[in-house]
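In what follows, chains carry the letters A, B, and so on, assigned in the order in which the sequence lines appear, proteins first and then strands, with residues in each chain numbered from 1. Just so it is clear, the model here is predicted, and its values are computed rather than measured.
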Amino acid sequence: MSEISKAYEPQAVEEKWYARWLEDRCFAADPASPKPAYSIVIPPPNVTGMLTLGHVLNNTIQDILARRARMLGREVLWLPGTDHAGIATQTVVERKLRKEEGKTRRDLGREAFLERVLEWKEKHGGIIIAQLKKLGCTCDWARERFTMDADYSRQVQEVFVKLYNKGLIYRGKRMVNWCPVSLTALSDEEVIMKPQNGSLYHMKYELVEHPGQFLEIATTRPETLMGDTAVAVHPHDERYKHLIGSHVWRPFPKAAIPIIGDEHIDPTFGTGVLKVTPAHDKADFEIGQRHGLEVIDVFHPNATLNELAGPEFAGMDRFAARKAAVEKLREMGLMVREEPYQNNVGYSERADVPIEPRLSEQWFLKYPQVDKSLEAVNSGIVKFRPERWAHVYDHWMQNIQDWCISRQLWWGHRIPVWYRNDNPACVHVDTTAPADPENWTQEEDVLDTWFSSWLWPFATMDAETRAKFYPTADLVTGPDIIFFWVARMIMAGYEFTGQEPFANVFFTGLIRDMSGRKMSKSLGNSPDPLDLIAKYGADGIRFGLLRIAPQGQDIRFDEKQVEEGRNFANKLWNAARFRQMHGPSAPEVNLEGLPLSSYSLDILSKLQALIVNVNAAYDEYRFNEVAQSLYDFFWSEYCDNYVEAAKTEIFSEDPSAKASALAVMDFVLSHFLRLLQPFMPHLAAELWATFGFQAPQHGREHLMYAAWPNADLLAGIAPQRLASGSERAASVYQAVRLARNLRAEVRIPSNKKARFHLKPQPEWVAQESETFARLINAESVGLQPDYEPARGEPGVLTPLGELYLPLEGLVDASAELERIKKEIAKVEAELVTVRKKLSNSNFVQNAPAAVVDEHRKREIDWSEKLAQLQKMEQTLGA
RNA sequence: GCGAGCUUAGCUCAGUGGUAGAGCGGCAGAUUUACAUUCUGUUGGUCGGGGGUUCAAAUCCCUCAGCUCGCACCA
């Protein structure tokens, strides 16, 4: 190892280890294992998708959970796979077809088109899976599933048939959200409301019964007026109620349409008169139903106008028609005015165009198990983290609407329904076609992709796997798919397995760019994670991202953070190099009977505290806290403090002292690498192997199967021994900080040896003075209990005693005095604060005894310090 | 309109009742034999405003403001 580069080079190491893990089948889950099960199903990414930073965050968390569970002795299943992403994938292939061959899918026909989609899938389908492997994910790849697998498809159809037979699935002509680009219905969840700057047009319709009199109407959509079949007013509206029952002229195509009264109308909005277009607005449709109005659809499916709109509009796009209709109204003298107006318009999530409310024949699902699913989250059977997302879930579940599950696409699960040719009302609903297929026609529509993904936690498992691993333990996903996926999975779990699909749902934050914008392809503000992996290593990006990913808060991504992850990896690498340079490591260390320095006792205590902290953080899914604890411990405690202090022993003439320090390093490193493994698996494995540490505790040789460190690992060392070691070490480290500061104040460069004098305070100072001297780069530290500093000699009060830095020649006594005075002022301020508290009888009476005692101790400490500082001040010649 | 979250150092963020923290940046110094992807020192905050509860508030409550995000929606 010492011949290897001074800097850690992750690429080769990461590839090597991933290949070895695969070769040794480290990720395989065994349903026959006697070990307790731990399982996660991956949120299936789109089969043709590419890895985003969101995926990196999400899957790293899953990997961390899976890796830790293995070390805790669980039989782990992390089940991977992809979904077929109906609209997204079909759209991509259609676009390609149009661009390269000038054809539509209908030119090819259903079967030939689906072959093209499959070709596309074969070509691009493996990419994201390969990318997850680069990240180090320990999915059981042999179990990779796809929502269009034959077996999975069969289960989707079975579920459809079951729900149909229960009467929960029905077909009906309803108003749905229609995407005029994808030419399919969408569920309510796939529609995004966006504010639009448009106009509110005031126009007037002539009263049929009172020629020459007009009714003024405000609308944002004049292009639909050709489909108006009524105008409506509030039944109690004094301005208009006398007109109810009479008629107005629809200007074009000219027709008399009734004036009706309906409670839905808000008299305070616009003119208080609503044009009613039942074919093109959800609310209007309902009004139409209540009043038995005619429904006139003036649009083609692609949102161009049809013949019913009149010959001059037929074939015109809806937005061109808006202008044309306004122009025509103007010509007819019916346009009163146009005012700027902002309203919300529903957009198709995928195609990003305004959806059209459209009346069409669709399949709907009345959600099953709603009450039970609500209760599961409310009672904590399924625990949401952070808990606040339970409110969002609750609200949606309480206001749940039937789910439009049919899509007018070809790429997806075709609905298992056949209509009899001679009588379409007669249907055959089954997972198999009718025995006389020539007499039947299968439903053209396919199912919403989410209608397959909601079965994911169990439809991906065979019976044996299910018996061992279902329900799963944790689900890790984004809060943006609570409705799309999480809620539906809970309902499906209860409906089809009788069990909740998972015990915990951990919602990650969204990753944003530095200006707080969501990362998206169109904005181009999303860095390619593969580039980052190439630059910083998978371990670097994993650690860097997790360290700044607080529980459920959005994350502002900065490449700097990944750089820090890489730097941390390098720090570990070099700490390991340092250890390797001083001899081979022991595969296992026994601390008992070992002479241990104060610093060793201290770092061991800190290691123990680290394990406790890390476990507590894991219990609450606080991954950033785990990462931060690991970082602080290793960089500050181990490298900055311990390794530097231990150099006294490492370079000493006493072989037993050296052996002790090296053994402690081995002990700390072997435990630390285990704690680190879930976050930085490749580097941890590499170093583990380099050191030759043993790991067979759970039956496999790899670090990832080593036992998770036990928090009582120091049981063999007396607690008071640990405590006194830590106390000494803390005093020395504190004194070192003060001494270095003193050096800097008097401008002695950090590489220049300096001579110090110390009036030792604790009786043990002599035993630590060598290390102290090393840490402050002292030529010598003279221990002189009755040292009398020269007038104006710079000094500082440390936990080890008064420390002086005699300087030959020029010393600015007044500057030195100034420094001490500043210090005194600080201490006095602290004393004022603490004394104020202690003199408050309410505080002394009401505060817990421990807090009061602590303040009393604080007062004594500050007082002593003040006394000494004042003495130093006097010496300086105040 | 309803709901949620956020507001702490120049920047990104930890910190949920008991002495305000980290990283980065800035500034100063150092190639001290593991590491310049480094080390040492240092600068920097009346914890968004106001009010309240409490012996004690960044932390709990109320209120206001700003910024995000859901849900609903008047044409």
Side-chain angles (χ1 to χ4, degrees), chain A residues 2 6-8 193 200-201 217-221 224 232 264-277 281 283-284 341 343-344 386 388-389 391-392 394-396 399 479-480 482-483 509-510 512 514 516-518 536 540 547-550 552-558 560-561 563-582 622 624-625 628 631-632 635-636 639-640 643-644 651 736-737 740-745 747-753 774 776-777 830 833-834 837 840-848 850-852 854-855 858 862:
Chain A
S2 50
K6 283 161 82 166
Y8 175 52
M193 300 304 277
L200 190 60
Y201 302 91
I217 301 165
T219 182
T220 54
R221 301 204 65 191
T224 63
H264 172 260
I265 280 70
D266 175 1
T268 65
F269 184 86
T271 61
V273 185
L274 174 71
K275 73 192 239 341
V276 183
T277 324
D281 185 281
D284 288 11
Y341 183 69
N343 65 339
N344 284 327
R388 63 190 148 90
W389 294 114
H391 293 295
V392 177
D394 206 77
H395 184 255
W396 186 75
N399 297 282
D480 48 334
I482 289 181
F483 318 136
L510 293 178
R512 300 176 177 281
M514 283 304 283
R517 296 173 307 177
K518 229 165 139 168
Y536 301 107
R547 191 151 81 98
I548 50 116
Q553 283 313 342
D554 288 358
I555 298 152
R556 286 192 190 218
F557 180 79
D558 184 350
K560 273 256 162 12
Q561 291 144 354
E563 198 181 320
E564 280 177 39
R566 188 266 321 255
N567 293 354
F568 186 49
N570 188 58
K571 189 71 180 173
L572 270 146
W573 178 258
N574 277 291
R577 280 181 70 222
F578 176 78
R579 170 62 192 86
Q580 284 297 98
M581 283 172 184
H582 296 100
R622 298 166 75 104
N624 63 321
E625 201 172 305
Q628 191 62 40
Y631 186 93
D632 288 345
W635 206 305
S636 306
C639 292
D640 291 351
V643 172
E644 295 307 321
F651 296 128
V736 165
R737 265 186 291 278
R740 285 173 177 168
N741 173 259
L742 182 65
R743 290 178 58 122
E745 294 269 357
R747 312 223 159 254
I748 298 175
S750 53
N751 63 334
K752 193 170 174 220
K753 297 258 180 201
R774 165 183 291 280
I776 62 177
N777 200 25
E830 295 287 358
T833 309
V834 77
K837 275 199 164 183
N840 181 344
S841 60
N842 282 326
F843 171 72
V844 179
Q845 275 165 26
N846 295 324
V851 173
V852 178
E854 198 270 331
H855 277 75
R858 222 186 276 171
W862 288 124

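OP1 or OP2 of B:C35 has not a single side-chain nitrogen or oxygen of A:R579 nearer than 4.0 Å. For the pair A:W635 and B:C39, the criterion of a side-chain N or O lying under 4.0 Å from OP1 or OP2 is met. Dashed line: the shortest gap from a side-chain N or O of A:R556 to OP1 or OP2 of B:U12 is under 4.0 Å. Taking 4.0 angstrom as the limit, A:Y201 places none of its side-chain polar atoms (N or O) nearer than this to OP1 or OP2 of B:A75.
Every residue was checked against the salt bridge (Lys or Arg N to Asp or Glu O under 4.0 Å) condition with A:E830, not counting sequence neighbours, and none meets it.
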### Footprint string (nucleotides 53-59 of chain B, 5' to 3'): B base within contact, S backbone only, - free, heavy atoms under 4.0 Å
--B----

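For A:K6 and B:C35, a side-chain-to-base donor-acceptor distance below 3.5 Å is absent, hydrogens and geometry of angles not being considered. You'll find a donor-acceptor pair under 3.5 Å spanning the side chain of A:N344 and the base of B:C73, going by distance alone. Side chain A:R566 to base B:U37: a donor-acceptor pair is found below 3.5 Å.
Within the shown strands, B:C2 is the pairing partner of B:G70 under the Watson-Crick or G-U definition, both distances less than 3.5 Å.
Heavy atoms of A:D640 sit under 4.0 angstrom from primed sugar atoms or phosphate atoms, though from no base atom.
Across all non-hydrogen atoms, the minimal contact from A:E644 to A:R774 is O-CD, 3.6 Å.
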Restricting to nitrogen or oxygen on both sides, can you table the protein-nucleotides 24-31 of chain B pairs closer than 3.5 Å?
| from | atom 1 | to | atom 2 | distance (Å) |
| --- | --- | --- | --- | --- |
| B:A30 | O3' | A:N751 | ND2 | 3.0 |
| B:U31 | OP1 | A:N751 | ND2 | 3.1 |

